[in-house]
Amino acid sequence: AALLIALALEFWMNGSGQGLEIVFFLLVIAALGGFAAIGWRVSRFRARTFALLRRLVAGNYESGLAAPAHWHDEVSGIEDLFNKLVEQLRQYDELRMRRIRQLRMTIDLIIEHSEEPMALFDAEKSTLEFNRAMAGCIDAPRKTFPLSTLQNLEPNKAFAEMLMRAVEDPKEPQEGDVDIQFPGKEVCKKTAVRIIPFKNEDDSVPLAVIFGKRKSE
């Protein structure tokens, strides 16, 4: 553009009106091309930004925006800031998952070695894991059991509803006397249970600990 302006001044000083018109036309073409390039750059940045935001909302923090390697402008500066944000979110998510794993391992150890009847409900997997004392208290045929299997049996309805209240709404400790029966077992075990949910920072409940005590038949 600077070269074209210099040429236009030279033609004007030399009195070449036709040359000035040509240069002016070229300047207009160059300006339109520049505006088109800027529009394409901004439009592409907008589309990539929306795609990135959708990935972040879905919990995918693995990739940011690919910044151009050969030039730097205002848009690439914003892309760099987005990439720094994505990296911080990724590190935070890794730290959160590490803490959840550590918490789960700690709870598993406590439950496994406790002489008190205890069970752990994994809300994500929807499974119940009993320690030896709890398995003996409720006559569980194995250590791990899907909640859906227990929900299919009518005697377990009160227990399943109590557990759902603890992890879904109102997400508060629940306690009471319930009947628990396993497939293939003809007898229900009347058990006093207390369910304590563990809440995340977002108020979700990934785990709940269940304390049990066999009631007199």
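These numbers were taken from a predicted model, which means no experiment stands behind them. For the numbers below, each heavy atom of this structure counts, side chains included, while hydrogens, waters and symmetry mates do not.
- To the nearest 0.5 Å, atoms SG (Cys137) and CD (Glu116) are separated by 10.5 Å.
- Arg104 CZ: more than 12 foreign heavy atoms inside a 6.0 Å radius.
- Side-chain contact between Ile195 and Pro173 is absent, with no heavy atoms from C-beta onward closer than 4.5 Å.
- Around NZ of Lys157, the count of heavy atoms belonging to other residues, nucleotides or ligands within 6.0 Å does not exceed 12.
- Put simply, the side chain of Thr144 does not reach to within 4.5 Å of the side chain of Leu128, judged on heavy atoms.
- Between Ile107 and Val209 the shortest side-chain heavy-atom distance falls below 4.5 Å.
- With hydrophobic clusters built from ILVMFWY side chains whose heavy atoms lie under 4.5 angstrom apart, Leu120 does not share a cluster with Val205.
- A distance of 9.5 Å separates CZ of Phe159 from CD of Gln151, quoted to the nearest 0.5 Å.
- Clustering ILVMFWY residues whenever any of their side-chain heavy atoms sit less than 4.5 angstrom apart, transitively, puts Phe145 in a cluster other than the one holding Met118.
- Proximity of Phe121 to Leu163: side-chain heavy atoms (C-beta onward) are separated by under 4.5 Å at one or more points.
- Counting heavy atoms from C-beta on, the side chains of Ser126 and Ser148 never come closer than 4.5 Å.
- Residues Glu112 and Lys143 are in side-chain contact: their nearest non-hydrogen atoms beyond the backbone lie under 4.5 Å apart.
- Both tests do not hold together for Arg54 against Phe50: distance to the six-membered ring centre under 6.0 Å, angle to the ring axis within 45°.
- A donor-acceptor distance shorter than 3.5 angstrom exists from the side chain of Arg55 to the backbone of Gly64, with no hydrogens or angles considered.
- In this structure, the separation between CG on Leu85 and CG on Asp80 is 12.5 Å, given to the nearest 0.5 Å.
- With Asn131 contributing its side chain and Met134 its backbone, the two residues share a donor-acceptor pair below 3.5 Å.
- Side-chain atoms of Asp139 and Lys185, non-hydrogen and from C-beta on, do get closer than 4.5 Å to each other.
- Inter-residue side-chain proximity for Asn156 and Gln181 is flagged as met; some heavy-atom pair is nearer than 4.5 Å.
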